[in-house]
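Values in this document were obtained by computation on a predicted structure and should not be read as measured data. Per chain, numbering begins at 1; letters A, B, ... match sequence-line order.
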Amino acid sequence: MENTDKSLIDAHCQGDGTAFAEIVRRYGQGVFGYLMRMSGSREQAEDLVQETFKRVHEKAHTFRGERFKSWLFAIATRAALDNLRRGRRLRLVSLSQNVDCADGACEQLNAVAVAEGCYEPSEEAAMAERKEQVRQAVEMLPPRQRATLVLAYYQQLSYREVAEVLGCSIGTVKTQMSRAMQTLAQRLPDISGEVK
Amino acid sequence: MMRHRTEQELIEYQFKLASDSQMRQIAEHLEKCGQCRELMERLKRRFSALDLLREEVKVSEDLISKVAEETQGGVSNLTLKKRLLRSARNDKWRWIGAAAAVLVAGLSLLLVSNLPKEREKKHQFAKEPTTVASDIKLNESAESMRAVGLSDGAAAMKPLASALSKEETGAWRDLEVSGIGGVAEGTIPEQPPFAPASAIELVTLPRRENVQLTIYNSADLTLVRERRNLTLKKGWNWLQFMWANTLIDPTSLTLEPLEQKDKVEIEQLVFPARLREIGRWLIRSEVSGQVPFEITYFTSGLSWRAFYMGTLAKNEKTMRLESYVRVDNGSGEDYENAQTRLIVGTIHILDQIADLARRQYPYDSPVTIYRLYSDELADKKNAPVLGERIRGIVAADELGLERKEVKKEGLSEYFLYTIGGTETIPDKWGKRLLSFEANDIPVKSLYKYDEERWGPQTIRFVAFANDTKHNLGQTPIPNGDVRIYSQADDLGYLSYVGGTSIKYIPVNEKVELNLGPARLVTVEPKLMDFKTENYIFDTKNNVSGWDEVQTWKIEITNTRTLPIEVEITRGLGTAYWTLQFDEKEISYEKYDVTHARFKMSLEPRSKRTFEWTVRTYHGAREEALTKTK
């Protein structure tokens, strides 16, 4: 039977060294995706993932609630916002790893896409351009709105979970989300019939 | 009149941001209002652009492993301290509460003694602080026990799944390490684990820090030494390796820490039953973190050969010599940035490494590899050391293999030849590497004529020596093919002169490169006269001895524009002979008992003719020659 998050945290607090590794493996992917979209940089996201789990590790004994995921993402959000405040981010927003192409991931992904017939070569450039427009549109959102958007839309957290993560009411979350979507409605490119 | 919904309302409807009643109202409105439906569809299409960025963002296993590893070991010291501190704070307040309760109890007792009617009630009240104090004691004990339990738990912690960094490209992908029985604090269990847990996670090692190949070309044998930084947990660690699809001899594998040698011990190498091509090292580490290791093993499939390109100057007095080696890798393993060292000389082995590598199990050989090499090389100077090294007993630097800057070094009767720099040699690839180049090597153009060896033709040679006078002599020259070119004009165009093979040339040895038949230098010997004389008869008047006198005329033609040296070797058919020349300046040397050799120089575009007479002694006349001498 799979261990619950709470039992893993308890086991960790009791000194079970494997428990925290299990937590990292369980949530590492999700936290990284969130921080990647928040920071816009794979490198920074990796730093933030480590920072997040370090904080979780140190503060595990303070966890009293039932919703570990919300608590975890709250810590990740604080790490991301702290990072933002420190001005360490070079780029505010990017929602895809395609932005961070230093490791050649773009070429690999594009090559796969072409190989699988996802895009015609002639469409590839146009698609990349539209993605960039979307990124720029999201980049211009204020950090809290962006965090709300990423958590609710991309991480698919419920508004209640987002509220727990951001430490605010559900009403505030919905307001932030509404404002974010109204802004995006004006800035997103029209890709009617193009999304595959 | 129907009110159209605003964009904001529709957005809140789409993303379920409105209240339930608003959601119902908008849904009803959309059923009726085509204009709002159209706006809604337009908004949906617009927001669908967000899905362009919905690509899954993959976190690298490396990162997950790193984070898991960094945070592994249970509750950190920091967390533990915080807990204890918090506990102490709680205790402080509990003690203060207890003291207050005791004070209240004292006052209560005083009141009870003064108020007999309420004695029973106050007595019950007076018990409360005592109970509280007792609870505090119990709590304190429990807290202490929990703290003790933590450290005990840490000491006897169950096996940890170690998560280590992973390098995907260029790494020896079959090497994995896992930590078991890791301990955050306390002592390491004395009893080593029998085997890693079945569900243990095995994570790929980091890439090689450096790798060194020592290739023996006389045998299909290469010694590989590579350095990798392994991340160990404190406690027992398993290092697993696989040699599938390679020609690595698993019995030759050795592992040795380069640092923290007193804290890291290689306990054993296990070849698990029923698992093919897998071996596991058990490592006991008293440290947690990165430790550089050196892994050595023999492999097959790597070979090398030398070849040379010589370019003669236009006057053919000097030559530029470039030496290359070609290394071919068919070992099944890629070697990145490898320092390549070549053994010149012959090594004798009983079994081919390729055969050892292909065995079903690494331990089914009747003769173990270390015994093979230690025994076979026992009479060599460094062989015992090599044998010990293979057993993993001798430290790495005892072999002298650390001296990377050394270009050449003697290894008993072998010679170690180091190629400068490092090279990447992928599997199934060959690579030509420049080993050395020397300019302005003084050379002699030498022409030889020896009918017994080459027939009636002149053979061209380029002669030099492997010494410092010839700008060489730094290292022996391995055997290989040589191609000689000559500068055809001032523009640097080259013409092919000839090619040959050379054998191993030690330092200070002379070299003569046979470039094949020469067309511009000819030697024509002609027999001009033949007679017999000085007959001796025995008692029966039979001929028992005589002399044969041959007069030869040799015409040498040099149509080249360069001065040359010519060496003519003539076989005389007997050991009893004398020579006479018509010219005093012509001389000869006795090459061997039946051969004479003449040497002379010719000017450019010149012809030289000389005659010589050879008298050979036969039968009883041989004694006459002996008496004369």
Does any heavy atom of chain A fall under 4.5 Å from the side chain of B/E7, the backbone, both, or neither of them?
side chain
To the closest 0.5 Å, what do you measure between CD (A/E22) and CG (A/L8)?
6.0 Å
Between A/E46 and A/Q50, do the side chains contain a donor N or O and an acceptor N or O under 3.5 Å apart?
no
Which answer fits A/Q156, side chain, backbone, both or neither, if we ask what part of it has an atom under 4.5 Å from a heavy atom of chain B?
side chain
Specify whether A/F63 and A/W71 have parallel, tilted or perpendicular ring planes, treating 30° as the upper limit for parallel and 60° as the lower limit for perpendicular.
tilted
Side chain / backbone / both / neither for A/Y34 at chain B, heavy atoms under 4.5 Å
neither
I need the single residue from B/K233, B/Q260, B/K234 that forms a side-chain contact (heavy atoms from CB on, under 4.5 Å) with B/V287. Which is it?
B/Q260
